[in-house]
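A short worksheet on the structure shown next.
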Amino acid sequence: MTNGFAQEVYAVVRAIPRGYVATYGMVAELAGRPRASRIVGGVLHRNPDPSTIPCHRVVFRDGSLAPGFAFGGAAVQRRRLEEEGVQFVAGTAKNGGAEGPRVDLQQCLWDGTGYAE
DNA sequence: TTTGTGACTTTTT
DNA sequence: TAAAAAGCCACAA
């Protein structure tokens with residue numbers, strides 16, 4: 001690709017199946033830079049094409065999103081993911097202390113299957 | 001061309 | 001167990 005990494009990131013994020021989510025590190029790895037998780041965020045931050053790039057499917061390693069920096073708000077993103085079929089963890093397996101809405105990575109974490117360049 | 005920063009992740013204190 | 005710091009790579013100014 002002309003740009004290389006950035007293009008790869010966009011391609012990977014676009015390849016995320018509906019109802020699934022991926023972490024920055026995973027996208028970075030598929031893009032060719034397993035340690036460039038931050039760059040993935042930076043690239044998505046600019047989001048040159050939010051229409052084709054479902055950045056809301058990309059979450060932290062913890063399953064949470066970027067508060068305040070999402071396309072329109074973490075709350076909106078949660079609703080959007082639910083629309084796609086992504087399950088959320090209300091409380092937490094930790095001790096019932098609800099910290100914040102997290103995606104159920106154990107169920108909706110994308111394996112990278114179906115990604116073709 | 002060089003410096004600084006960032007939607008992250010992992011390890012150590 | 002929790003919190004803090006460093007490391008990492010690419011893009012923008």
Side-chain angles (χ1 to χ4, degrees):
Chain A
M1 295 299 191
T2 51
N3 282 351
F5 185 67
Q7 270 302 313
E8 285 287 318
V9 173
Y10 302 140
V12 174
V13 176
R14 261 186 307 147
I16 302 175
R18 176 177 167 281
Y20 278 85
V21 295
T23 66
Y24 290 99
M26 183 178 298
V27 176
E29 187 178 333
L30 291 172
R33 262 56 204 190
R35 306 289 182 245
S37 43
R38 306 176 64 160
I39 318 306
V40 176
V43 169
L44 292 178
H45 184 196
R46 305 196 219 167
N47 207 343
D49 217 327
S51 310
T52 45
I53 304 172
C55 43
H56 60 267
R57 287 181 188 160
V58 186
V59 299
F60 280 180
R61 205 55 171 77
D62 201 23
S64 22
L65 312 168
F69 285 96
F71 57 96
V76 180
Q77 180 163 8
R78 175 180 62 192
R79 188 175 63 210
R80 200 155 179 185
L81 288 169
E82 287 186 328
E83 276 292 315
E84 305 235 329
V86 176
Q87 301 181 24
F88 271 77
V89 195
T92 23
K94 283 176 106 169
N95 48 47
E99 308 168 353
R102 309 188 319 179
V103 179
D104 192 347
L105 296 177
Q106 287 184 96
Q107 257 191 102
C108 301
L109 182 57
W110 179 41
D111 304 84
T113 316
Y115 167 61
E117 299 180 57

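Per chain, numbering begins at 1; letters A, B, ... match sequence-line order. Below, all heavy atoms of this structure are taken into account, side chains as well, without hydrogens, waters or symmetry copies.
Atoms CD1 (I39(A)) and P (dT9(B)) sit 12 Å apart, rounded to a whole Å. Whole-Å rounding puts the R102(A) CZ to dA7(B) P distance at 21 Å. Between the CE atom of M26(A) and the P atom of dC8(B) there is a distance of 16 Å, rounded to whole Å. When rounded to the nearest whole Å, the span between OH of Y24(A) and P of dG6(B) equals 15 Å. When the P atom of dT10(B) is taken as reference, atom CD of E29(A) falls 11 Å away, rounded to whole Å. Here dG4(B) presents its C1' atom at 16 Å from NE2 of H45(A), a figure rounded to the nearest Å. Following rounding to the nearest Å, L30(A) (CG) and dC8(B) (C1') show an atom-to-atom distance of 16 Å. Look at CZ on R78(A): it is 22 Å from P on dA7(B), rounded to the nearest Å.
Among all heavy-atom pairs drawn from Q77(A) and V58(A), the shortest one is NE2-O, 4.2 Å. When all heavy atoms of N47(A) and C55(A) are compared, the closest pair comes out as ND2-SG, 3.0 Å.
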Look for any protein N or O under 3.5 Å of an N or O in nucleotides 1-3 of chain B and output each such pair with its distance, or none.
none

Can you check nucleotides 5-7 of chain C for protein contacts, nitrogen or oxygen pairs under 3.5 Å, and list what you find?
unit_1, atom_1, unit_2, atom_2, d
dG7(C), O6, R38(A), NH1, 2.5
dG7(C), N1, R38(A), NH1, 3.2

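Atom CG of L105(A) is separated from atom CZ of R61(A) by 8.0 Å, given to the nearest 0.5 angstrom. Separating the CD atom in E8(A) from the OH atom in Y115(A) is a distance of 3.5 Å, to the nearest 0.5 Å.
Contact annotation for A36(A): backbone-only contact, meaning every heavy-atom pair under 4.0 Å involves sugar-phosphate atoms and none involves a base.
Picking from dT10(B), dA10(C), dA7(B) the nucleotide with the shortest atom distance to the side chain of R33(A) gives dA10(C).
Applying the side-chain hydrogen bond (donor to acceptor under 3.5 Å, both in side chains) test to D104(A) and every residue at least two apart in sequence or in another chain returns Q107(A). Annotation: side-chain hydrogen bond (donor to acceptor under 3.5 Å, both in side chains) contacts of T52(A) (sequence neighbours excluded): D49(A). With sequence neighbours excluded, no residue forms a side-chain hydrogen bond (donor to acceptor under 3.5 Å, both in side chains) with E82(A).
For DNA chain B, the neighbouring residues in residues 51-60 of chain A, judged by any heavy atom under 4.0 Å, are C55(A), F60(A).
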Show me the side-chain donor-acceptor pairs of residues 11-31 of chain A shorter than 3.5 Å, one per line, residues at least two apart or across chains.
unit_1, atom_1, unit_2, atom_2, d
R18(A), NH2, E83(A), O, 3.4
T23(A), OG1, M26(A), N, 3.2

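Every pair passing salt bridge (Lys or Arg N to Asp or Glu O under 4.0 Å) that includes a residue from residues 50-60 of chain A is listed here, sequence neighbours excluded: R57(A)-E84(A).
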